[in-house]
Each structure stands twice: as C-alpha cells, then as structure tokens.
Amino acid sequence: MANPQLRFYGFSKSRTHPRSSGVITDKYLLPESKISQKCKISQKWKTLPYREIFEFFIEDFKTYKPLLSSIKNAYEAMLVHQREKIQALEPLKAKLVSMNEECNQRILAMQAEERDEISVLKREKMNLLKLIDKKNEEKISLQSEVSKLRKSLAEEYLHYLSERDARKILIGDLNELRYQREDVSLSQSPGVWGEDPVKLTLALKMTRQDLTRTQMELNTMKANFGDVIPRRDFEMQEKINKDLQEQLDSLRADYEEVCKEHELLLQLHMSTLKERDQFFSELQEIQRTSTPRPDWVKCEDVVAGGPERWRMLAEGKNSDQLVDVLLEEIGEGLLREKDFFPGLGYGENIPSFLRFDGLVENKKPSKKDVINLLKDAWKERLTEEEKETFPDFFFNFLERRFGLSDAIAWAYTIFENIKLFRSNEVMSQFYAVLMGKMTESTYINQKDRIAHLLKEMTNADTQNEGLLTMEQFSTILKNTFPLKKEEQIQELMETGGWQPNSSNSDLLNYHLLFTENEEGQSEPFVQKLWEQYKDEKEQYLQELKQELGRNPHDEVTLSKLHGALMTIDPSLDKQTVIAYLSQAFELPVSELPEEDNEKQEGTVIQLQTVLERLRLADIKRMGPREPEPAS
C-alpha cells in the first residue's frame, strides 16, 4: 500500500496548492468563479482537505472503494443540492425583506394618518366641549336674567296694585272732606234760608247740570258695558267652546277618513264586479269547451280488489292524483306480465347499477316485498361507516342480499317498480335519492326531525299512556318548530285530529300519528310535515332568488351567494353556509376559496343552476330574516 502521507502531499495534476493563486479545478467541485460572499468561500476551503483525505482513503482501501465512492458521491450530491436550494432561496429572501420593509412603511404611514385623524378629532372634540360649556353658561345667565325680570315684574305689580288702592282711598278721603266742608259751611250760615233766591236758583241750575252730566255718564257706562259678562263666565264658555271645537275637528277627520274608505270600497266594488263578469265569462267559456268530469265510479269494476279497494285508493285524492293511481294499477298489471327486461347497455348516462347488455329476468316481487327491501337498504345505509355513492351502495347491497348473479336482475326489477309507483311515499323518495333528484341528507334529516318530534311527545307523556292533551300537543309543535307560522301549526293540529270546537283538555293518541300501513304510507300528519317542509324550502329559494336577481340567466359568484344567504337568513352559521356554497357550486369544502379571496369573484354560474342544485339539498331557514332586538 502506498504511503498515504506521501499521497497527501503529492497532489494530483488536476489540483493546485490551496495557498497558491491558481483556481481549484477539482472534478468534484462546481466552478464558482462569480461567488463573492466570504462565508461561502471559507466553507469551501474548510471542506477541501477533508475531501482530499477521503479520496486518499478511497484509493488506498481497494476493498471498500466502491462503498466509499458511493458515500462520497451521495454527500457531494447532497451538498450540490443544498447549494442550489440556497441559491434559489436567496432571491426569495431578498423579496421577503423588501416586502417586510414595504409593509412596515405602509403600517407606519397608516399609523401616521390615524394619528393625524385622531388629533383632528380630539381638537374638534375640545372645540365642541368648549362650545357646549359656552352655551351652558349662556343658558345659566339667561335663566338668571329671567328670574330677575320675573322678580322685578312681581314687585312692579305689587307696587301698582298698592298705588291703585291708595288712590281709591285718597279719592274717598277727598270726597269725605268735601262733604264735611259743605256741612260746616251750611252750619256756619244760619241765614241760609234767607239767602237770595237768585243764588239758590243758580245753585239749583248748576246742580241739575251736574245731574244731567252724571246721568249721561251713567248711560254711557251702561251702553259701553251693558253686554260685558264676568270673567269667570267668559272663561267657562271659552273652555266649552274649545272642547266643542276639538270634537268638531275629530268628527271632521273621521268623516274624511270614512269618505276615503267609502271611495276605496266603491273602487273595490267596481273592480270586483269586473272580475265577477270576467270570471263568469271564463266559466261559460270553460263550460262550453271543457270535457265532462270523469266518472271515477266506473273504475271500481276494473281495478283489482273491487269497489272497496278503489274507494281506499281514491280517498282524499283529486283528479290528477286519481289518474296517477289508475296508471299505477295499469302499469302494475303490465309489469307482472313481463318476464324479462331489456338491458340498457354501458353508456355514460346509464346509472351504474343498470349497466348491463342483454335480457334481465323480472323477479316479480310484491309491492310489500319491494317496500321491505327498500327499508332494509335504508337501515344498512345508516349504519354504513365508509360512505360510497348511493347507486354503488344500492348495487352492493343487492349483491350482498341476493348474490352477484341475481343482483342485476333485482336492480332492474326494483328500479322499474319504484319508477312506476310514484304515489307511494317510500318508493318515490328512494327513487328521488337514487336518481340524484334529492340528496340523501334531505331524507335522513327529515326522518330525524320526525323522530325528534316523537321523542318530545314521549317525554311530555309522563304517565306513559300514549296520550297528550291538545294544549300539550300545540306547545310541543311550537317548541320543536319555532319558525313555523301560526297557520302552519294549526294545520298540523287539524291534521292530527284537533277540531275548532274541541277543548284543550281533549286527549290525543300521538302514537297513531307516526304509524305506517303495510305499503309504507305514513299518516296524514307526517305527510303534512313533509309538504310544509317542501313549501318552506321553495319559499326560502324564492327569497334567495329575489335577493340575487329575477333573471334566471344572471351570473352568481361565491361572494354574491354568500351575501344573499346572510341577508335572508342572518342566523346561518359558518359551517352551514359553507355546505350551501359547496352544494350550489359543486365544489368540495376543501376547495372553496376563503373570504375576501379573488377566486370568489372568478367562480361564476347561472342563477337557475344555483337554485336547481340547492333545491336538491336539505336547505331550510335557521332563524328569522330580521334578528330580534335584544331585550
């Protein structure tokens, strides 16, 4: 073996001494002539001796040379990969630093703007406070002036009142002194009766003039103040007149209101007359052109089971529903006559459980057997842990029940039966879920709501007698369905057996409301719940349509649909809104863009498509449209 020390100092021709000024050209090192950072150069110089020593070991130990070479190559590849990764991250680091500085500058600018705005608002606040203090001072000064004026007015009034009384007293004293003076003058002239008749005649004349003047003044006073009444009577009459005027104004307003109502009633009467004439003419036209109402009694002898079965099938159904029943009866007979079904092939538009080419045997089960099979499928579906698509589950269920050879035959047989019997509740709902016309959650949630209602009634039945009073029945319905209107609650109570003339103490056997017949048909109470649910969903979708636009071809974005849902139903939680958006746009929840994301504006579909997709799901109102004010 060669001396490793000699080999260490005897460098190969392809290298130069590390301290020389030449460039390292080792075949294991990448050329980095343009690297200017000292740290990278120092790292290379540090690893260079170890690399050369490792090469000497590789050349000396011939036995382990392949292993040591592979180790060296692996480390070299990793180092090259790390250098490339560092070089790729350098621009990102610079960009991150620049973005950080830009964000900090924007934050500082916003803070400066906010400080300026806050300082302006503070100055405005101080000015307003000063203005308020000034106004308060003015108000206090004016109040003090008013009080002073009132006080001075009261003093002046008392002063003038005392002056008036003093003047009256003074006039009385002057008159009394004058009378006394006349009496004294008469008493001091004993020969008054012996005075000159001329003087007496003159005095009499003057006295008569005074009397005439006084009489004239008295007449003038009577003429001026003869019609004057006392103030008390005047105020009383004025009050009575005011009351009568208010009554007159009220009666005049009532009269005007009655006149307006009379005019509206006249207009309504005229419009009603026109509508009556129009309806009468339409009725005559319909009577002239329409076909006679069918006599459904004729079907009693045609339908299997005779009149009794026909009366049972036709009970409570209109003409349209009776046509469906009659078609089902005819279709059932034709279905039993078939021995085979033609296969539909393997096209993409063919459901997965019906993809078969050739003839398929008709198993010809009874209607009751089909219903029991569908109920068993629902039970197994609810207990299934790993959810698969419903058509695939249906076919796998038939495979497990009847085996692989008969699964396709049973699939065709059950499909033809549930497609025919649309009036049957179990079959129609299973067909809707199977063909994608209704989501699976809609059926399951409706069943859960019915089970919850039955549980509430059972909890209220403390005696375990299966009976509830009508008052308890009404309270449970209102508590279980708080968003239903009073008319809907009354419809449910009437369907359950409540009559308007019945008392609240009447008892109701609530178990009978949830029973099913042999064909799986629910009682009218459960059917009414389902009808109200569909009506409420349709009304909810109409409100959503009005919020989004009336044109079915209008474009709807994620953000627009989100805003419309929160407008018509503010009580929606985030999880429910996300589920509605996922159903409407047929996107997984994980792929939905977040709020305030530009992708929300990029995803666009038509309004009609949104409504059709939401109509398939279990969509319902979570709370009132306008939130109740906090008490």
Side-chain angles (χ1 to χ4, degrees), residues 304 324-447 516-522 583 586 588 612-613 616-618:
D324 293 338
V325 172
L326 192 59
L327 291 175
E328 289 179 3
E329 292 294 322
I330 297 172
E332 185 178 7
L334 296 175
L335 189 62
R336 289 194 171 277
E337 292 178 0
K338 285 186 177 181
D339 293 328
F340 296 95
F341 299 111
L344 300 179
Y346 294 93
E348 294 182 356
N349 57 344
I350 304 299
S352 59
F353 59 92
L354 296 178
R355 291 177 182 173
F356 186 78
D357 196 4
L359 294 177
V360 182
E361 180 185 0
N362 183 8
K363 294 297 183 178
K364 298 181 181 180
S366 64
K367 191 175 182 180
K368 183 178 179 181
D369 294 336
V370 174
I371 292 172
N372 291 333
L373 188 63
L374 297 180
K375 289 182 177 180
D376 293 341
W378 274 120
K379 290 179 182 178
E380 186 170 333
R381 179 62 171 176
L382 294 177
T383 57
E384 187 181 21
E385 294 182 359
E386 296 182 1
K387 294 292 183 181
E388 54 187 340
T389 61
F390 198 78
D392 293 340
F393 159 77
F394 177 61
F395 189 77
N396 294 334
F397 168 77
L398 296 177
E399 281 187 351
R400 291 190 292 270
R401 177 66 67 92
F402 303 105
L404 181 61
S405 58
D406 290 338
I408 192 68
W410 276 102
Y412 270 84
T413 302
I414 293 175
F415 178 74
E416 293 295 332
N417 277 271
I418 63 178
K419 184 174 67 174
L420 175 63
F421 295 105
R422 297 291 182 87
S423 63
N424 185 274
E425 182 180 345
V426 177
M427 292 187 178
S428 62
Q429 292 178 352
F430 195 90
Y431 177 78
V433 176
L434 189 63
M435 301 305 294
K437 298 180 179 180
M438 181 176 71
T439 59
E440 187 178 347
S441 61
T442 304
Y443 173 83
I444 296 174
N445 293 339
Q446 183 66 13
K447 291 296 182 182
E516 296 181 354
N517 59 13
E518 294 180 354
E519 295 184 351
Q521 289 291 98
S522 303
Q583 174 69 23
E586 291 186 348
E612 290 176 354
R613 291 175 180 175
L616 304 179
D618 182 28

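Here the structure is a predicted model, which is why all the values come from computation and not from measurement.
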Over all heavy atoms of both residues, which pair between [X] and [Y] is shortest? Give the atoms and the distance, please.
| X | Y | value |
| --- | --- | --- |
| Asn417 | Met427 | O-SD, 3.9 Å |
| Val360 | Ile408 | CG1-O, 3.8 Å |
| Gln521 | Glu425 | OE1-N, 2.5 Å |
| Asp392 | Ser352 | OD1-OG, 3.1 Å |

Donor-acceptor contact present, side-chain Tyr412 to main-chain Asn362, <3.5 Å
no
Exam field: side chain Gln583 to backbone Arg613, donor-acceptor pair closer than 3.5 Å
yes
Can you tell me how far the [atom1] atom of [X] sits from the [atom2] atom of [Y], to the nearest 0.5 Å?
| X | Y | atom1 | atom2 | answer |
| --- | --- | --- | --- | --- |
| Thr413 | Ile418 | OG1 | CD1 | 11.0 Å |
| Asn372 | Ser366 | CG | OG | 8.0 Å |
| Glu399 | Ser405 | CD | OG | 10.0 Å |
| Tyr431 | Leu420 | OH | CG | 11.0 Å |
| Phe397 | Asp376 | CZ | CG | 5.5 Å |
| Leu434 | Glu440 | CG | CD | 10.5 Å |

Counterpart residues, salt bridge (charged side-chain N to carboxylate O under 4.0 Å, His left out), relative to [X] (two or more places apart):
| X | result |
| --- | --- |
| Arg355 | none |
| Lys364 | Asp339 |
| Lys368 | none |

Taking side chain as C-beta onward, heavy atoms only, is [X] less than 4.5 Å from [Y]?
| X | Y | answer |
| --- | --- | --- |
| Phe430 | Phe390 | yes |
| Glu380 | Phe393 | yes |
| Lys363 | Asp406 | yes |
| Ile414 | Phe394 | yes |
| Gln446 | Gln429 | no |

Looking at residues at least two apart in the chain, or sitting in another chain, which of them share a side chain to side chain contact (heavy atoms under 4.5 Å, CB included) with Glu516?
Lys375, Lys447, Ser522
Does Phe395 have any ring pair (Phe, Tyr, Trp, His ring centres under 6.0 Å) partners at least two apart in sequence or in another chain, and if so, which?
none
In terms of the angle between their ring planes, are Tyr443 and Trp378 parallel, tilted or perpendicular, with boundaries placed at 30° and 60°?
parallel
Could you check Phe353, Phe356, Phe402 and say which one makes a ring-ring contact (aromatic ring centres under 6.0 Å, His included) with Trp410?
Phe402
Acceptor/donor pairs from residues 340-350 side chains to any protein atom, 3.5 angstrom cut, sequence neighbours excluded:
none

From CA spacing to verdict: side chain to side chain contact (heavy atoms under 4.5 Å, CB included), Lys338, Glu416:
CA-CA 11 Å; Lys338 285 186 177 181; Glu416 293 295 332; 5.5 Å; no
Walk me through whether Leu398 and Leu373 qualify under side chain to side chain contact (heavy atoms under 4.5 Å, CB included).
CA-CA 9 Å; Leu398 296 177; Leu373 188 63; 4.2 Å; yes
